[in-house]
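Have a look at the structure below, then the notes.
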Amino acid sequence: MVTDITHLSIHQNLYTHIRNMLLHGTLPLPLRSPLLRFQSPTTITHHPLRKFSISAASQPNYAISDEELQSRGFILRRTIEQLNLDHLNSVFVAVGFPKRDTDKIRIALEHTDSLLWVEYETTKRPVAFARATGDGVFNAIIWDVVVDPNFQGIGLGKAVIERVVEELLNKGITNIALYSEPRVLGFYRPLGFVSDPDGIRGMVYSRKNKKN
């Protein structure tokens, strides 16, 4: 599984956020994937989507519990302290990302608001990863959702997305978006994401299309 960027469909506030990231060189190009927006209980109108609780006191209903993941040898981690960036980079490459400079990866992670990765206890290597950036109040975008191809199909992608979304909602952030390849749109929809919500579209600055 891999998320990347391609189609332009965002809320006006998200557009401003993405534009700022482009200006600071933190948004990868080229654009290749549709953007999906999470529909929280406070924004759902007529879409019959799964609802996530915003209350920190409520018990999250994850598809796979922390205990079950641990019993299968997977450890959930939310900091980069024990994350080997070379190993993470190898997962990025395995799913089709270009190889990245590890120093730049570290800087990106240090500026990340929410992060979750799964360590396989046997090898001590990351096998799933996702992170989110935003303004800390209103908006967030989920990036770099990856699962090692050797560990796909067993629920790790859903596990990281559910927990990252839950963390953002518990912070009061309800305008949540991500970019996805068209072939995996069906994975995200049951998790509460919709494409082009209410027909809202936006534009992202691209030097390639700039006219003098």
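No experiment lies behind these values; they were computed from the predicted model shown.
- Side chains of Leu115 and Thr79 form no contact here, defined as non-hydrogen atoms less than 4.5 Å apart.
- Checked against salt bridge (charged side-chain N to carboxylate O under 4.0 Å, His left out), Glu68 has the following partners two or more places apart in sequence or in another chain: Arg72.
- Within the 4.5 Å cutoff, side-chain heavy atoms of Gln152 are placed close to those of Val95.
- Interatomic distance, Ile142 CD1 to Thr112 OG1, rounded to the nearest 0.5 Å: 12.0 Å.
- A salt bridge is absent between Asp101 and Arg106: the closest approach of a Lys/Arg side-chain nitrogen to an acidic carboxylate oxygen does not fall below 4.0 angstrom.
- Note that CH2 of Trp117 and NE2 of His87 are 10.0 Å apart. Values are rounded to the nearest 0.5 Å.
- In this view, Arg163 and Tyr62, Asp66, Leu69, Leu76, Arg78, Leu116, Ala159 satisfy the side chain to side chain contact (heavy atoms under 4.5 Å, CB included) rule, not counting sequence neighbours.
- Closest heavy-atom contact between Glu162 and Ala63: OE1-N, 3.0 Å.
- Using a distance-only test at 3.5 Å, with no hydrogens or angles considered, a donor-acceptor pair links the side chain of Asp113 to the main chain of Gly134.
- Here the side chains of Ile64 and Leu156 are not in contact, with every heavy-atom distance at 4.5 Å or above.
- Using a 30° and 60° split on the angle between ring planes, Tyr120 and Phe74 fall in the tilted class, from 30° to 60°.
- Applying the side chain to side chain contact (heavy atoms under 4.5 Å, CB included) criterion to Lys124, with sequence neighbours excluded, gives Glu119, Glu121.
- In this structure a side-chain-to-backbone donor-acceptor pair under 3.5 Å is present from Asn89 to Arg100.
- In this pair, Phe129 and Phe92 present their aromatic rings perpendicular. The plane angle is above 60°, beyond the 30 to 60° band.
- A 4.5 Å side-chain heavy-atom check between Val165 and Phe193 finds at least one atom pair inside the cut-off.
- Val160 has its side chain within reach of Val118: a pair of non-hydrogen atoms, C-beta onward, lies under 4.5 Å apart.
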